[in-house]
Structures are given as structure tokens and as C-alpha cells.
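Starting from 1, each residue takes its place in the sequence as its number. Note that ligands are numbered from 1 as they come in the structure, with each ligand's atoms numbered from 1 the same way.
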Amino acid sequence: MKVIIPVAGFGTRLRPHTLIKPKVLLNVGGKPMIHYIIEQLIKDKLATSIILITGFLGDMIKDYLDSAFDFPFTYIVQDEPKGLGHAVYCAKQCFPENDEALIILGDTLFDVDLKKLVDNRHSVIGVKKVDDPRRFGVVEKNKAGMITRFVEKPASAKVSASNEAIVGLYYLKNSGSLFSSLEHVMESNITVKGEFQLTDALEHMINGKDRMTTFYVDGWLDCGKPETLLETNRYILSKKKRSKVSCEDSVIIHPVHVGRNVTIRRSVIGPHATINDGCCITDSVIENSVIEMNSLIENCILTGSIIGESVTVRNSKASLNLGNNSELIQNQN
Ligand code: UTP
């Protein structure tokens, strides 16, 4: 099975972090989000080939993956992020035969049995029922469970009987048809907000001979925005084995992740705090937050915060989103 993972987007919703670090290398639960995806693919022995579509800061992704995993990844550069459809099209050269393709978005984790997903006669689109589908792409199906239409970000909250949103996991039997449909979308200049969408190519495929069905994905962990990244961090921590945390005069409320060489003094850590290697936390309360490496937090109460690497924060009671090397030092009241 050849797996395509597009990771070339700018990740604008996670700025300032993504100005100098690609989104997929942001840390959730102690590891970069892409680490979990690759780990699962290698563990499941599903992938014969993993093709990463890289762009902005792509070398950082290559450096990380090549040192973290012993796997012969293929990297293809998307010159400009012209949309998910265009990103997938960049992998065309890896599919000279009409072989099957599994597409996984790089910023979405799935708690799902991929073997079951690909064990299907038809192409399969991962979906999840949502109350309000307006932010998502949605599928409509016939009585036999086959997809009849793709609706990108529907205007109404009740677009179909099922409200099944597309979660970013696609198993396509016929890559030849996928790439020719993507070509059609690009040649016809069919865009949404200036980007070539994968869903338009999928729609073109089902209007032809392709048959597609859905697969329910309950564990769908989006990491594309600060609030969903923190939600995913909570989920990953809740599944993690507890380990002893060394600290002085402090209280640890599990689940937490505390990395190596972390100093914790007179503080309350957790629940749902990820504190990465080399941080120093003093006289603070930190919950529901991710603190990247080598940051210094003193006399703070932080909740719902994402703090980059080598950041200093003093005397703050807030929900913060601070990029690498920032300093926030407030006067003590
Ligand atoms: P998103 O649209 O969620 O990611 O694409 P983004 O564009 O990086 O984020 P925002 O909207 O600016 O915050 C889902 C996945 O597809 C990749 C992204 O890197 C992400 O992993 N992608 C998207 C590409 O590789 N190329 C593109 O042109 C667009």
C-alpha cells in the first residue's frame, strides 16, 4: 500500500508557532503530531511506501523523520500550497501502475484500525457524524451506502440525513482515476478559495465509474487549530501510561507528560499538561497546555496555553499562545 501524506500547508491557524516550525512537527503529548501517524503505519506494516508532500519548512520534516524512523520515505516538493487536491497530484509519479492509494492528512491523528479500513471492495472515505457540518466537507449516500455526492462546507447545518463529515482519511482503489480526475479539476480551474480541492476530484470520480463507501472513524483527532491541538493533547495523554515525575514540593495531577531534564518546583502540573525536555517550572500552575522544549515558566497560572521553545513567561495568569523565543514578563501585582 502506498500512502500519501500531504504536509506542505502553511498552517496559518497555528501561527505564530508555524512561522518557523511546520505544523506537523508541533508537539502533542510529548511527540510531534506526524510521529504518531508514521508510528502507526509502520507498526501496522501497512505501508510499502510513504510519500510526504512537503513545502514550506519541508527540510525540517525530512530531517525529523529520517532521524526518528528507519524507513525509506519518499519526499516530493509542492512548490506552492495550491490546495489538498494539488498536493495529492504531486505524488502522481509514484503511481505508474494503477495501484491503490491511502491518503492521510498530516495534521490529523486517527484512533482507527487502518487494516479494517482498507479491507474493502470499494474505495473508502473516512467520516464522522457531526452536529454541524458547515465547517467540513460532507458526503451524501444512497440506500446501498454508496456515496452519491460530496458537499464542501455546506451552507445549511442539515445537508443530508447523515451529516457525515470527511475526516481526512481516503482509501482509493484506483489511483489512475484519482490522478486523471485531479487533472480534470486543475485543467478546468475548479477551485474553492483559490485552491484545488480533493473533494472535487472525488466527485468527478463517482460521476464516472468509481464506487465509494464510507468508514466510521470515531477517534478523529484534528490538530489544525489551537483548541483542537489541545483537545488532541488531552486525548493522547489520557491514553498514556503514567510514569513517575520527579519534582520538588509540587503536585502532579495525571495525566501529564513531563520530558527529560525538566525542573519542577513548588508547582501544580496537570491535568493534561505536556511539558517537554529541558523546561523549568517554578511557583506555577499549568493545566491543559503544551509547553515546548527549554522554556522557563515562573509564578504563572496557565491553562489552555501553547508555549513554544525557549520561551520565558513570568507572573502571568492567562491562556497564552506564544511562539518560540518569546518573553512575556508581567509586573507582579
Ligand atoms: P489544511 O488546510 O488543514 O492545512 O490542510 P494548512 O493549509 O496547512 O492550514 P491552515 O488552513 O493554513 O491553518 C490539511 C493538510 O493538507 C496539507 C497540509 O499541510 C495539512 O497537512 N496541504 C494543504 C498541503 O500539503 N498542500 C496544500 O496545498 C494544502
Student: For atom 21 (O) of ligand 1, what's the nearest protein heavy-atom neighbour? Residue, atom name and distance, please.
Tutor: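 Looking only at protein heavy atoms, the one closest to atom 21 (O) of ligand 1 is Pro6 O, 2.8 Å.
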Student: Do me a favour and list the nearest non-hydrogen protein atom to atom 28 (O) of ligand 1 with residue, atom name and distance?
Tutor: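 Looking at atom 28 (O) of ligand 1, the protein heavy atom closest to it is Gly83 N, 2.7 Å.
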Student: Just let me know how Glu80 lines up against ligand 1, side chain, backbone, both or neither, with a heavy-atom cut-off below 4.0 Å.
Tutor: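 No part of Glu80 comes within reach of ligand 1.
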Student: Return the residue, atom name and 0.1 Å-rounded distance of the protein heavy atom closest to atom 8 (O) of ligand 1.
Tutor: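 I find the closest protein heavy atom is Gly11 N, 2.9 Å.
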Student: Would a single hydrophobic cluster contain both Leu302 and Leu296, if residues Ile, Leu, Val, Met, Phe, Trp and Tyr are joined by side-chain heavy-atom contacts under 4.5 Å?
Tutor: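 Per the 4.5 Å side-chain linkage, Leu296 and Leu302 are not co-clustered.
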Student: Identify the closest protein heavy atom to atom 12 (O) of ligand 1: which residue and atom is it, and at what distance?
Tutor: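 Protein heavy atom at minimum distance: Thr12 OG1, 2.6 Å.
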Student: I need the atoms of ligand 1 closer than 4.0 Å to a non-hydrogen atom of Leu84, numbered in the order shown.
Tutor: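 Contacts of ligand 1 toward Leu84, numbered from 1: 16 (O), 29 (C).
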Student: With a heavy-atom distance limit of 4.0 Å, tell me whether Asp107 approaches ligand 1 through its side chain, its backbone, both, or neither.
Tutor: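 Answer for Asp107: both.
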Student: Are the side chains of Phe10 and Thr18 in contact, using a 4.5 Å heavy-atom criterion?
Tutor: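 No - every pair of side-chain heavy atoms lies 4.5 Å or more apart.
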Student: Got a salt bridge between Arg314 and Glu327, using NZ or NE/NH1/NH2 to carboxylate O under 4.0 Å?
Tutor: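 Here Arg314 does not pair with Glu327 in a salt bridge, since their nearest N and O are not under 4.0 Å apart.
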Student: My understanding is that we take every heavy atom of each candidate and find the minimum distance to atom 1 (P) of ligand 1. Doing that for Arg13, Met33, Lys193, which one comes out nearest?
Tutor: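 When every heavy atom of Arg13, Met33, Lys193 is considered, Arg13 comes closest to atom 1 (P) of ligand 1.
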Student: Ring centres under 6.0 Å, that's the criterion: do Phe71 and Phe69 meet it?
Tutor: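 For Phe71 and Phe69, the ring centres are not under 6.0 Å apart.
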Student: Enumerate the atoms of ligand 1 whose separation from the nearest heavy atom of Gly106 is less than 4.0 angstrom.
Tutor: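 Ligand 1 atoms under the 4.0 Å threshold to Gly106: 21 (O).
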Student: Of all the atoms in ligand 1, which lie at a distance below 4.0 Å from a heavy atom belonging to Lys23?
Tutor: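 Once the distances to Lys23 are compared, the set is 3 (O), 4 (O), 6 (P), 8 (O), 9 (O).
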Student: I need the single residue from Ile329, Asn299, Ile297, Ile291 that forms a side chain to side chain contact (heavy atoms under 4.5 Å, CB included) with Val313. Which is it?
Tutor: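 Going through Ile329, Asn299, Ile297, Ile291 one by one, the side chain to side chain contact (heavy atoms under 4.5 Å, CB included) with Val313 is satisfied by Ile297 alone.
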Student: For the backbone of Val185 and the side chain of Ser188, can you confirm whether one donor and one acceptor N or O come within less than 3.5 Å of each other?
Tutor: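 Answer holds: no.
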Student: Record the part of Ala8 in heavy-atom contact with ligand 1 below 4.0 Å; permitted values are side chain, backbone, both and neither.
Tutor: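 The part of Ala8 near ligand 1 is both the backbone and the side chain.
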Student: Can you find an N/O atom of Leu14 closer than 3.5 Å to an N/O atom of ligand 1?
Tutor: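 No, Leu14 has no N/O under 3.5 Å of an N/O on ligand 1.
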Student: Carefully, step by step, assess Lys193 and Glu195 under the rule salt bridge (charged side-chain N to carboxylate O under 4.0 Å, His left out).
Tutor: CA-CA 6 Å; Lys193 293 191 185 147; Glu195 295 192 341; over 6 Å; no
Student: For ligand 1, which atoms sit closer than 4.0 Å to a heavy atom of Lys82?
Tutor: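 Under 4.0 Å from Lys82, ligand 1 has these atoms: 28 (O).
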Student: Does the separation of the ring centres of Phe136 and Trp220 fall below 6.0 angstrom?
Tutor: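 When the ring centroids of Phe136 and Trp220 are compared, they turn out to be within the sub-6.0 Å range.
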Student: Tell me if a side-chain donor or acceptor on Ser175 pairs with a main-chain N or O of Ala101 at a distance below 3.5 Å.
Tutor: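 No.
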Student: For ligand 1, is there an atom lying under 4.0 Å from some heavy atom of His86?
Tutor: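 The answer is no: ligand 1 sits nowhere under 4.0 Å from a heavy atom of His86.
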Student: Taking only Lys NZ, Arg NE, NH1 and NH2, and the carboxylate oxygens of Asp or Glu, determine whether Asp249 and Arg265 approach each other closer than 4.0 Å.
Tutor: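 Salt bridge flag = no for Arg265 with Asp249.
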Student: What atoms of ligand 1 come within less than 4.0 Å of a heavy atom belonging to Ala87?
Tutor: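 Contacts of ligand 1 toward Ala87, numbered from 1: 24 (C), 25 (O), 26 (N).
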Student: Between the candidates Gly168, Gly9, Pro81, Cys223, which shows the shortest non-hydrogen contact distance to atom 7 (O) of ligand 1?
Tutor: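 Answer by nearest heavy atom: Gly9.
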Student: More than 12 heavy atoms of other residues, nucleotides or ligands under 6.0 Å from CG of Asp70: yes or no?
Tutor: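 No, the 6.0 Å shell around CG holds no more than 12 heavy atoms from other groups.
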Student: Counting non-hydrogen protein atoms only, what is the nearest one to atom 26 (N) of ligand 1? Give residue, atom name and distance.
Tutor: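 Result: Gln78 OE1, 2.8 Å.
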Student: Would you mind listing which atoms of ligand 1 come within a distance below 4.0 Å of any non-hydrogen atom of Phe10?
Tutor: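 Under 4.0 Å from Phe10, ligand 1 has these atoms: 8 (O).
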